Amino acid sequence: MTTAAPPIRTRPRRGWTPGQIVLTLLGTAVSAVFLAPLAWALFTSLKSETEAVEVPTHWLPHDWTGQAWTALFETGNITNWFVNSLVVSVCVTTIVLLVAALAGYGFARTEFRGKGVLMGVVMAGLMVSPAVLGVPLFTTVQQMGMVDTYWGMILPQCAPAAMVYILYKFFQGIPRELEEAAFIDGAGRWRVFFTIIVPLSRPSLAAVGIFTFISSWNNFLWPYMVTNNPDLMTMPNGIATVMNSYGIQWAQLMAGGLMAGLPLIVVFVFFQRQIVAGVAHTGLAGQ
């Protein structure tokens, strides 16, 4: 004799509340505002140069063509620009992570003479615009013979006052008992830093690394100032050269902009959790 299986109870699906509807519509509107320029750049890059400058303008191309993309790869050294940007951004990110982590930990956990003055200097760095430092930095780089070199583009970007402050605030929130227990077991300061502090700081380090990479990748002014060598151009500088005697080639410019922004979009898509977690762990969300 077989017994019938009890009926499966399903909870009735709740309808959306007015608050959820409003938030969804608001999120959709904000997303459309941010995605519209990307859509415009994509559609413009698929137009001919003649159609790209037509007035009145229109979103979708009448004749779809990849002429701008082909011309960009033929006339511009996209591969070289991409490699230069990647080398500079990766080196800057690596150095900034090392310097900011060591400096932040030193300010948060050690006591030494002049600590308050040095911390004041770091905080002052947050109030100075990088554009103001352009001339003195260029003079220094020129005197050191690093003009038209990778190091000339990399080193001046490795004084991260904001990143030092972010990690400093995070290290202050780590319980001292963890370090004291390691000291009692005979661990030294360096071992405590690399085996305890760094693993606990992965979310913040990831956020700092991502922010630094994006900032270095997008940096146009400093690489433009410090190098005149076409072989050392980064993506923003290379794209700025996409023009001729008749003016800017808008379709090629849009194609180049998409090429330059694609790595950043990929980074954000794959590391957005680390970005959110890093900001939350450093306590900057409420400041």
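Bear in mind that the values here come from a model prediction, so they are computed numbers and not experimental data.
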Quiz item: Given I197, which of L178, I174, L167 fulfils the side-chain contact (heavy atoms from CB on, under 4.5 Å) condition?
Solution: I174
Practice problem: Might you work through the side-chain contact (heavy atoms from CB on, under 4.5 Å) test for V90 and F213, ending with a clear yes or no? | Solution: CA-CA 7 Å; V90 169; F213 182 87; 4.2 Å; yes
Quiz item: From S85 OG over to M153 CE, what is the distance, rounded to the nearest 0.5 angstrom?
Solution: 8.5 Å
Quiz item: Any side-chain heavy atom of F43 sitting closer than 4.5 Å to one from P61?
Solution: yes
Quiz item: With a 4.5 Å heavy-atom cut-off, do F171 and F107 have their side chains touching?
Solution: no
Quiz item: How about F34: does its CZ atom have over 12 heavy atoms from other parts shown lying under 6.0 Å from it?
Solution: no
Quiz item: Taking the side chain as C-beta and beyond, is there a heavy-atom pair between T227 and M233 under 4.5 Å?
Solution: no
Exercise. Please examine the side chains of V141 and V147, heavy atoms only from C-beta on, and report whether any two atoms are closer than 4.5 Å.
Key: yes
Quiz item: When you look at W217 and F82, which way does the ring-ring contact (aromatic ring centres under 6.0 Å, His included) test go after all the steps?
Solution: CA-CA 10 Å; W217 185 278; F82 185 89; 5.5 Å; yes
Quiz item: Counting only heavy atoms not in D63, do more than 12 fall under 6.0 Å of its CG?
Solution: no
Practice problem: Give the C-alpha distance, both sets of side-chain angles, the deciding distance and a yes or no for side-chain contact (heavy atoms from CB on, under 4.5 Å) between T44 and W59. | Solution: CA-CA 8 Å; T44 303; W59 275 81; over 6 Å; no
Quiz item: Taking side chain as C-beta onward, heavy atoms only, is T212 less than 4.5 Å from V92?
Solution: yes
Quiz item: Considering only heavy atoms from C-beta outward, does the side chain of E49 approach that of Q252 to under 4.5 Å?
Solution: yes
Quiz item: Does K47 make a cation-pi contact with W69, if we ask for NZ or CZ under 6.0 Å from the ring centre and within 45° of the axis?
Solution: no
Self-check item: Euclidean distance, S201 OG relative to F193 CZ, rounded to 0.5 Å
Solution: 7.5 Å
Quiz item: Does the side chain of M119 come within less than 4.5 Å of Y168's, by heavy atoms?
Solution: yes
Quiz item: Side chains of R189 and Y105: is there a donor and an acceptor less than 3.5 Å apart?
Solution: yes
Quiz prompt | CA sep, side-chain torsions, deciding dist, call: M254, L42, side-chain contact (heavy atoms from CB on, under 4.5 Å) | solution = CA-CA 7 Å; M254 294 299 174; L42 177 61; over 6 Å; no
Quiz prompt | Trace of the side-chain contact (heavy atoms from CB on, under 4.5 Å) decision for F170 with L205 | solution = CA-CA 10 Å; F170 176 80; L205 291 174; over 6 Å; no
Practice problem: Compute whether any side-chain donor of one residue and acceptor of the other, for T234 and N237, lie under 3.5 angstrom apart. | Solution: yes
Quiz item: Do V122 and L118 come close enough that some side-chain heavy atom pair is under 4.5 Å?
Solution: no
